Amino acid sequence: YMEAIRPGAVFSHSTLNTMAAWPDKVDLRLAAALTLHLLPQTSVVWVALPDHPSISTLTHLLPPTTPVLPFHQLLAPDQFELAVQTTPPKVILSLHGTPPFTECLFIDTVVHHQLASDPERWCSGGLKTTPSGCVCVYHLTPSYRYQKLKPIEPQMLHSCLAEVVLQCKVMFPQTDPHKLLGSTITPPNPKHVDRAVDRLQAMGALTTSKQLTSLGRTMATLPVAPHLTHFIAWGAALQVLKPVAVLAAFLATDSPFLGPKRLSHVSLLQTYSAWRSALRNNDPQFCTREGLLEDVLEEVALLASQFVCVMVAAGYVGDDCKEPNHYADLPSDEKGMWMVFLRAALSAANRPTPLKEAQESGDWCVTSLLRHDTTITTVLPSNFLLLFAQTLVIDNTNVWLDGWQAHMADPFLEEEVTALFTLRTELHTHFSQCVQTRDYSRFPSDLLDELLGAVDAPILLDKIDAQHEAPEGPTSRLEFSA
């Protein structure tokens with residue numbers, strides 16, 4: 001390839017190695033540098049990016065004075081009108097998109113996107129050519145790799161539909177999501193829309209009549225999947241915002257490991273904290289020694305910082321944010337009380353499942369999947385399920401929770417179960433008030449002490465089996481829906 005583009009030229013080993021090992025993911029620092037170089041030469045620099053986290057990362061990499069405007073299929077009408085105008089000068093960060101005009105310079109960072117980066121297709125699609133000629137395209141990948149790229153599916157077909165439906169309800173609250181999404185150029189499968197609506201209703205983001213709730217509006221404030229925003233909100237209420245923000249940032253981006261891994265959420269936090277310590281101690285070889293991808297860790301750092309800033313603005317008053325630090329001092333003791341609150345946030349924002357090897361012991365787990373076959377798992381006692389399951393029905397010793405049926409091993413726990421129900425009601429009620437008022441300082445600190453006591457004495461659930469809903473008409477039962 002190198003001989004073909006420059007016949008007779010002699011290239012160094014470092015140049016050949018760099019071209020041969022060109023990554024599948026474009027370095028956004030290169031995109032930021034090119035953007036700043038081009039901006040004085042044109043009125044619009046249009047940058048195509050693969051996902052929402054990339055938009056957030058590139059926004060933070062550009063100077064605060066840079067006029068940046070995100071552009072995607074859910075843009076509000078007034079923002080869309082501003083984006084398609086060629087004045088004033090601006091940088092447009094687009095999801096897989098191509099410019100609707102040619103008076104701009106186009107930077108292509110979407111390394112798996114072939115059709116959108118072909119200027120001839122733009123002109124053949126009916127776009128007019130300006131006197132200055134067609135738009136100038138900068139591909140941030142070598143041409144030998146570009147020729148092998150695979151076309152990507154339209155954004156609508158590979159996006160998180162729960163996030164898309166949520167944004168639709170924010171912009172068009174009275175319009176049915178099925179009707180709105182069905183009118184798009186690439187409509188998703190109606191069954192997938194149904195599944196997204198059901199998921200949002202289970203999380204409390206939508207009512208049974210598909211109306212947006214206060215929690216739903218909170219979930220729409222961050223450019224990540226709704227369940228991650230739910231996780232961050234519970235982290236703020238339970239005073240463990242920074243660890244939760246880092247975990248949510250990992251789940252929104254990529255795996256920092258070069259190969260497959262199986263580890264716990266705490267181990268992932270320890271890896272991140274060790275990297276921050278290495279930066280503080282000027283240890284540039286840390287990522288190489290540990291087999292970590294530094295660009296992923298930097299993206300996680302930017303996202304986590306954004307999450308924390310949003311929640312601090314919403315009244316978060318936890319001790320971990322009272323003084324600025326570099327996240328090198330994240331808690332790591334798995335027996336500390338912070339771990340109880342982290343498990344509580346994981347349980348509240350996810351749907352734990354019983355461990356396959358411990359169906360009779362009542363152990364549950366929350367499993368998170370990152371790319372490159374990285375699996376993150378945390379084990380939970382049954383008490384967390386009884387406190388944070390979205391739906392819970394108890395009839396004598398039978399328990400139904402979030403699609404599972406179980407049995408209380410100790411039948412003489414009526415007093416403990418009643419106290420747990422009282423605490424559960426208070427936790428969810430105060431969390432709802434924090435969300436509605438956007439003031440997380442309202443969450444009572446004494447409830448955190450009660451939560452610590454509630455998980456000290458485990459309530460064992462055994463004989464766990466899949467059961468979608470409780471049967472109708474038990475004679476004496478307690479019911480609660482979050």
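All figures in this text were calculated on a predicted structure; none of them were measured in a lab. Position 1 is the first residue of the sequence; numbering continues from there.
Scanning both residues, Ala348 and Gln390, for their nearest heavy atoms gives O-NE2, 3.6 Å. Nearest heavy-atom pair across Ala454 and Leu387 is CB-CD1, 4.3 Å. In terms of heavy-atom proximity, Ser347 sits nearest to Phe388 at OG-CB, 3.7 Å. When all heavy atoms are compared, the tightest approach of Thr207 to Gln201 is O-NE2, 3.0 Å. Closest heavy-atom contact between Ala32 and Leu62: O-CD2, 3.9 Å. Taking all atoms of both residues into account, the shortest heavy-atom contact from Val193 to Pro188 is CG2-CG, 3.8 Å.
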Side chain to side chain contact (heavy atoms under 4.5 Å, CB included) assessment of Phe421 paired with Leu392: CA-CA 10 Å; Phe421 251 77; Leu392 176 65; 3.6 Å; yes
Chi angles and distances behind the side chain to side chain contact (heavy atoms under 4.5 Å, CB included) call for Leu302, Glu299: CA-CA 5 Å; Leu302 288 171; Glu299 189 173 346; 5.8 Å; no
CA sep, side-chain torsions, deciding dist, call: Phe307, Leu228, side chain to side chain contact (heavy atoms under 4.5 Å, CB included): CA-CA 10 Å; Phe307 297 157; Leu228 294 181; over 6 Å; no
Intermediate values then yes/no, side chain to side chain contact (heavy atoms under 4.5 Å, CB included), His407 and Asn398: CA-CA 5 Å; His407 177 268; Asn398 295 312; 4.0 Å; yes
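When atom types are taken as modelled, the side chain of Arg199 and the backbone of His227 share no donor-acceptor pair closer than 3.5 angstrom. Using modelled atom types, one side-chain atom of Ser255 and one backbone atom of Phe257 make a donor-acceptor pair closer than 3.5 Å. For the pair Asn350 (side chain) and Pro352 (backbone), a donor-acceptor distance under 3.5 Å is absent. In terms of modelled atom types and a separation under 3.5 Å, the side chain of Thr253 and the main chain of Val300 share no donor-acceptor contact. In this structure, Thr59 contributes its side chain and Ile55 its backbone to a donor-acceptor pair below 3.5 Å. At distances below 3.5 Å, at least one donor-acceptor pair connects side-chain atoms of Lys169 with backbone N or O atoms of Lys210.
Here CD1 of Ile232 is found 10.5 Å from CE of Met219. Values are rounded to the nearest 0.5 Å. One distance of note links CG of Leu303 with CZ of Phe250; it measures 11.0 Å at 0.5 Å rounding. To the nearest 0.5 Å, atom CG of residue Leu215 and atom CG of residue Leu166 are 9.0 Å apart. Thr391 contributes atom OG1, which lies 12.0 Å from atom CH2 of Trp400 (distance to the nearest 0.5 angstrom). In this structure, Leu370 CG and Leu251 CG are separated by 6.0 Å, a value rounded to the nearest 0.5 Å. One finds the CD atom of Gln239 at 6.0 Å from the CG atom of Leu448 (value rounded to the nearest 0.5 Å).
Two residues are said to be in side-chain contact when any heavy atoms from C-beta on lie closer than 4.5 Å; Val165 and Leu181 meet this criterion. Side-chain contact check for Val399 versus Leu386: some heavy-atom pair is nearer than 4.5 Å. Inter-residue side-chain proximity for Leu161 and Arg195 is flagged as unmet; no heavy-atom pair is nearer than 4.5 Å. In this structure the side chain of Glu450 reaches within 4.5 angstrom of the side chain of Leu447, judged on heavy atoms. At least one side-chain heavy atom of Leu263 sits less than 4.5 Å from a side-chain heavy atom of Ile376. A heavy-atom distance below 4.5 Å is found between the side chains of Tyr440 and Val435. At least one side-chain heavy atom of Gln436 sits less than 4.5 Å from a side-chain heavy atom of Ser432. Side-chain contact between Val45 and Ile92 is absent, with no heavy atoms from C-beta onward closer than 4.5 Å.
Under the 30°/60° scheme for interplanar angles, the aromatic rings of Trp234 and Phe431 are found to lie parallel.
Between the side chains of Gln433 and Thr437, no donor-acceptor pair of N or O atoms lies under 3.5 Å.
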